[in-house]
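Hydrogens, waters and symmetry mates are skipped; everything else that's a heavy atom, side chains included, is used.
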Amino acid sequence: MHIERLDHLVLTVADIERTCEFYTRVLGMEVVHFGEGRTALRFGQQKINLHPMEDIPGLVADKPTPGSADLCFVTQLPLDEAIAQLERNDVAIVAGPGPRAGAIGTIRSVYIRDPDQNLIEISNY
């Protein structure tokens, strides 16, 4: 078997509307609805499916918990411009900028927290 790419991942969240507002306003993702009342955030060729913590479906991770994710997103926007955009949106940077190990080489990153306190890394190669 050869895995080609990540298609989607799932975040368990306390408040879907608050999560969608943050990810669209701050990170430019698109809200999509699918299935029977499901919600996701789409970016590039990937998406993040959202599960509300008060209504978790049957087939999920063993311990779905808001705030347990640590995600790294790559942007083409120069990191200094991304930082300025975070500041304009009143999003606190919790670490960085600094070099980190990315999947295909060294990245320069900053870290923020989403509304559920998931750790979100914004980076450039």
Side-chain angles (χ1 to χ4, degrees):
M1 182 183 318
H2 174 77
I3 302 299
E4 179 183 334
R5 66 182 171 92
L6 180 68
D7 182 78
H8 70 277
L9 58 91
V10 177
L11 285 181
T12 300
V13 301
D15 184 322
I16 286 190
E17 287 183 26
R18 182 177 69 168
T19 298
C20 289
E21 190 280 328
F22 176 86
Y23 280 85
T24 57
R25 176 178 52 86
V26 176
L27 301 178
M29 294 184 185
E30 173 190 9
V31 175
V32 294
H33 300 284
F34 66 100
E36 295 183 20
R38 302 279 310 275
T39 302
L41 298 159
R42 185 170 35 215
F43 60 100
Q45 295 180 356
Q46 297 81 35
K47 69 177 181 161
I48 300 171
N49 292 345
L50 303 176
H51 288 172
M53 71 179 194
E54 74 279 351
D55 188 23
I56 296 173
L59 187 59
V60 298
D62 187 45
K63 296 179 180 86
T65 307
S68 63
D70 183 341
L71 306 173
C72 179
F73 297 111
V74 175
T75 180
Q76 295 300 315
L77 187 67
L79 196 59
D80 292 336
E81 291 180 36
I83 291 168
Q85 186 172 326
L86 293 170
E87 290 170 350
R88 284 192 302 276
N89 281 288
D90 296 320
V91 176
I93 294 171
V94 297
R100 301 284 186 214
I104 58 172
T106 301
I107 53 178
R108 185 169 172 251
S109 301
V110 294
Y111 292 84
I112 62 173
R113 299 263 179 201
D114 77 0
D116 287 303
Q117 300 304 303
N118 292 302
L119 186 64
I120 306 298
E121 183 177 1
I122 311 295
S123 62
N124 286 140
Y125 276 94

* Would you say Leu119 and Leu71 make side-chain contact, with heavy atoms under 4.5 Å? -> no
* **All side chain to side chain contact (heavy atoms under 4.5 Å, CB included) counterparts of Asn49, not counting sequence neighbours** => His8, Val10, Phe34, Arg38, Ala40, Lys47
* Residues that Gln117 engages under side-chain hydrogen bond (donor to acceptor under 3.5 Å, both in side chains), provided they are two or more places apart -> none
* Asked: Which ILVMFWY residues are connected to Val32, directly or by a chain of links, through side-chain heavy atoms under 4.5 Å apart?
  -> none
* Leu86 side, atom CG; Glu81 side, atom CD - distance, nearest 0.5 Å -> 12.0 Å
* Any donor-acceptor pair under 3.5 Å linking the side chain of Asn118 with the backbone of Ala69? -> yes
* Please report the shortest heavy-atom distance between Thr39 and Val31, naming the atom on each side. => CG2-CG1, 3.9 Å
* Closest heavy-atom pair and its distance - Ile112, Ala92 -> CG2-O, 3.5 Å
* Please name the pair of heavy atoms, one in Glu54 and one in Ala14, separated by the smallest distance, quoted to 0.1 Å. => OE1-O, 3.9 Å
Can you give me every donor-acceptor pair (side chain of residues 20-28, partner residue at least two apart or in another chain, under 3.5 Å) with its distance?
from  : atom 1 : to     : atom 2 : distance (Å)
Glu21 : OE2    : Arg25  : NE     : 2.5
Tyr23 : OH     : Asp114 : OD2    : 2.7
Thr24 : OG1    : Cys20  : O      : 2.8
Thr24 : OG1    : Glu21  : O      : 3.2
Arg25 : NH1    : Asn89  : O      : 3.2
Arg25 : NH1    : Asn89  : OD1    : 3.1

* Asked: Do any N or O atoms from the side chain of Arg5 and from the backbone of Gln45 form a donor-acceptor pair under 3.5 angstrom?
  -> yes
* Report the residues that fulfil side chain to side chain contact (heavy atoms under 4.5 Å, CB included) with Ala84, sequence neighbours left out, ordered by chain and then residue number. => Arg88
* State, yes or no, whether a side-chain contact exists between Pro99 and Thr106 at a heavy-atom distance under 4.5 Å. => yes
* In terms of hydrophobic clusters joined by side-chain contacts under 4.5 Å, are Ile93 and Ile120 together? -> yes
* Those residues that, when tested against Ser109, pass side-chain hydrogen bond (donor to acceptor under 3.5 Å, both in side chains) (two or more places apart) -> Glu121
* To do: Search all heavy atoms of Leu77 against all heavy atoms of Gln85 and return the closest pair with its distance.
  => CD2-OE1, 3.6 Å
* Should Ile16 and Met53 be regarded as members of a common hydrophobic cluster, given that ILVMFWY residues are connected when their side-chain heavy atoms come within less than 4.5 Å of each other, either directly or indirectly? -> no
* Asked: What residues form a side chain to side chain contact (heavy atoms under 4.5 Å, CB included) with Pro64, not counting sequence neighbours?
  -> Thr12, Ile56, Val60
* Asked: Of all residues at least two apart in sequence or in a different chain, which pass the side chain to side chain contact (heavy atoms under 4.5 Å, CB included) check with Glu87?
  -> Ile83
* **Partner residues of Asp15 under the side-chain hydrogen bond (donor to acceptor under 3.5 Å, both in side chains) criterion, sequence neighbours left out** => none
* Closest heavy-atom pair and its distance - Arg108, Leu79 -> O-CD2, 3.3 Å
* Structure fact -> With sequence neighbours left out, the residues meeting side-chain hydrogen bond (donor to acceptor under 3.5 Å, both in side chains) with Arg100 are Tyr111
* To do: If you link ILVMFWY side chains whenever their heavy atoms are less than 4.5 Å apart, which other residues fall into the same cluster as Tyr125? By chain and number, please.
  => Val74, Ile104, Ile107
* To do: Drop me the distance from Leu50's CG to Asp116's CG, to the nearest 0.5 angstrom.
  => 9.5 Å
* Under the salt bridge (Lys or Arg N to Asp or Glu O under 4.0 Å) test, which residues partner Glu30, sequence neighbours left out? -> Arg42
* Structure fact -> Rounded to the nearest 0.5 Å, the CD atom of Gln46 sits from the CG atom of Asp7 at a distance of 8.0 Å
* Asked: Do any N or O atoms from the side chain of Thr65 and from the backbone of Lys63 form a donor-acceptor pair under 3.5 angstrom?
  -> yes
* Atom of Gly96, atom of Val110 and distance for their closest heavy-atom approach -> C-CG1, 4.1 Å
